[in-house]
Amino acid sequence: MTTILEFQDQDYNPGSRNRTRAHSITASYLRSLGLPMHAIESLISSARTDSRRRGDVLAYGQEWIHIVGRGVIKETTPHGTERLWRQGAILGDISRVMLRKGTTDESGSRGTGPHITFLSTGTCMSLTARTFATLIEKEPVLALLLAQLTNERSQNVESVYAASKADPVIRVARLLDYLLEPPARTRKGLNRYRWTRTGVHPVPSEALTLTGPSQADIASALGLGRTTVEKAIAALRVEGVLAALAPGTRSNRYFQIMDSGRLRSLARSES
């Protein structure tokens with residue numbers, strides 16, 4: 001298989017420009033949730049907010065809370081459970097925020113937090129639970145943000161990861177449907193590409209695509225066998241839900257959705 005990365009020509013820039021862009025992306029996402037600018041500014045200024053490339057890893061301590069601003073990530077918990085998340089996912093021990101816990105546990109030792117691996121380019125905002133709690137005292141609206149993101153995470157765990165008795169095709173469809181972010185507004189002069197070992201290929205600006213997770217990532221997150229996931233994805237291609245890529249550009253890290261309505265219908269199916 002050929003590795004495929006989809007990127008926009010302004011997705012990643014080194015140095016301070018990279019951090020400024022990450023702040024802008026994160027602020028835009030928080031505004032879409034209705035958070036006022038003064039609260040957004042307080043949150044971003046108190047957090048570590050950076051752009052990340054595919055393969056980048058975050059491995060902070062148990063006291064850290066992370067909010068994904070863009071991209072697809074793999075969370076590996078200290079117990080070894082793996083799950084895939086997209087924009088809006090909140091990671092870490094949320095209870096520490098409300099209890100204002102510090103960097104150590106009851107035994108006085110420092111525990112480990114989730115291991116976060118970026119499967120695509122993206123952004124992430126990280127801050128300690130104690131810092132988050134202090135910000136909530138100053139900006140009470142942030143408590144609503146915390147509740148909203150926590151509730152959405154619980155709903156996604158229930159709908160995507162807890163439906164173990166559903167048909168594998170439906171389970172894979174639910175995960176793909178969840179991981180899809182709304183199409184970004186394309187700025188003038190901002191192009192999309194997919195890069196392979198055979199060359200660089202343009203991606204239609206209106207195309208609905210998902211880049212990052214491999215079939216192995218999907219299998220591990222859903223607790224399915226690799227062969228089962230391969231068959232489920234093949235079935236989605238046969239149904240016309242997913243596009244079959246041309247020879248030389250095939251990859252299990254790139255999915256182009258041909259029928260998003262059908263994908264959503266399968267994701268909502270109970271059988």
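Everything numeric in this text was worked out from a predicted model, so none of it was measured.
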Working note: Met125 + Leu43, criterion side-chain contact (heavy atoms from CB on, under 4.5 Å); need CA distance, chi angles, decisive distance, verdict. CA-CA 9 Å; Met125 178 172 61; Leu43 187 58; 3.5 Å; yes
Test: ring pair (Phe, Tyr, Trp, His ring centres under 6.0 Å). Region: residues 65-85. Which pairs qualify, not counting sequence neighbours?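 Every ring pair (Phe, Tyr, Trp, His ring centres under 6.0 Å) pair that includes a residue of residues 65-85, provided the two are not neighbours, is Tyr60-His66, Trp85-Tyr161.
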Could you tell me whether the side chain of [X] and the main chain of [Y] form a donor-acceptor pair under 3.5 Å?
{"X": "Asn151", "Y": "Gln148", "result": "no"}
{"X": "Arg70", "Y": "Gly122", "result": "no"}
{"X": "Gln87", "Y": "Gly69", "result": "yes"}
{"X": "Arg83", "Y": "Thr77", "result": "no"}
{"X": "Thr26", "Y": "Ala22", "result": "yes"}
{"X": "Ser154", "Y": "Thr150", "result": "yes"}
{"X": "Ser159", "Y": "Gln155", "result": "yes"}

Non-neighbouring partners of [X] that pass side-chain contact (heavy atoms from CB on, under 4.5 Å), sequence neighbours left out:
{"X": "Glu41", "result": "Met37"}
{"X": "Pro36", "result": "His38, Ala39, Val141"}
{"X": "Ser28", "result": "Arg31"}
{"X": "Ala143", "result": "Ile136"}

Taking only residues two or more places apart in sequence or in another chain, which ones pass salt bridge (Lys or Arg N to Asp or Glu O under 4.0 Å) with [X]?
{"X": "Glu230", "result": "Arg226"}
{"X": "Glu239", "result": "Arg262"}
{"X": "Asp177", "result": "Arg264"}

Are the side chains of Asp56 and Thr121 in touch, meaning some heavy atoms are under 4.5 Å apart? no
Run the side-chain contact (heavy atoms from CB on, under 4.5 Å) check on Val68 and Thr123 step by step: do they pass? CA-CA 6 Å; Val68 180; Thr123 65; over 6 Å; no
Closest approach of [X] to [Y] (non-hydrogen atoms, all atoms of both residues):
{"X": "Pro168", "Y": "Ala232", "answer": "O-CB, 4.0 Å"}
{"X": "Ser220", "Y": "Glu82", "answer": "OG-OE1, 2.7 Å"}
{"X": "Ala173", "Y": "Ala267", "answer": "O-CB, 4.1 Å"}
{"X": "Leu179", "Y": "Pro213", "answer": "CD1-CG, 4.1 Å"}

Distance (rounded to the nearest 0.5 Å) between [X] [atom1] and [Y] [atom2]:
{"X": "Thr211", "Y": "Gln256", "atom1": "OG1", "atom2": "CD", "result": "9.5 Å"}
{"X": "Asp50", "Y": "Cys124", "atom1": "CG", "atom2": "SG", "result": "9.0 Å"}
{"X": "Phe132", "Y": "Arg96", "atom1": "CZ", "atom2": "CZ", "result": "14.5 Å"}
{"X": "Leu180", "Y": "Tyr178", "atom1": "CG", "atom2": "OH", "result": "11.5 Å"}
{"X": "Ser126", "Y": "Ile116", "atom1": "OG", "atom2": "CD1", "result": "6.0 Å"}
{"X": "His23", "Y": "Thr49", "atom1": "NE2", "atom2": "OG1", "result": "4.5 Å"}

Non-neighbouring partners of Tyr29 that pass ring-ring contact (aromatic ring centres under 6.0 Å, His included), sequence neighbours left out: none
Using the side-chain contact (heavy atoms from CB on, under 4.5 Å) rule, take Asp167 and Arg171 through it: C-alpha gap first, then chi angles, then the decisive distance, then the call. CA-CA 6 Å; Asp167 184 89; Arg171 295 191 65 199; over 6 Å; no
Suppose the criterion is salt bridge (Lys or Arg N to Asp or Glu O under 4.0 Å): which pairs have a residue in residues 145-164, not counting sequence neighbours?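 Non-adjacent pairs meeting salt bridge (Lys or Arg N to Asp or Glu O under 4.0 Å): Glu75-Arg153.
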According to the salt bridge (Lys or Arg N to Asp or Glu O under 4.0 Å) rule, which pairs have a member within residues 207-220, sequence neighbours left out? Lys74-Asp217, Asp217-Arg253
One pair to check against side-chain contact (heavy atoms from CB on, under 4.5 Å): Ile73 and Thr117. What are the steps and the verdict? CA-CA 6 Å; Ile73 64 98; Thr117 304; over 6 Å; no
Are Val57 and Val72 joined in one hydrophobic group, where the rule is that I, L, V, M, F, W and Y side chains link up if heavy atoms are under 4.5 Å apart? no
Can you get from Met258 to Leu208 by hopping between Ile, Leu, Val, Met, Phe, Trp and Tyr side chains that sit under 4.5 Å apart?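 The answer is no; the residues belong to distinct hydrophobic clusters.
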Single hit among Leu266, Leu84, Ile218, Val241 for side chain to side chain contact (heavy atoms under 4.5 Å, CB included) with Leu176: Ile218
Partner of Leu242 under side chain to side chain contact (heavy atoms under 4.5 Å, CB included), chosen from Val172, Ile233, Leu210: Ile233
If the condition is side-chain hydrogen bond (donor to acceptor under 3.5 Å, both in side chains), which residues does Thr131 pass it with, not counting sequence neighbours?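 For Thr131 the side-chain hydrogen bond (donor to acceptor under 3.5 Å, both in side chains) partners, ignoring immediate neighbours, are Thr128.
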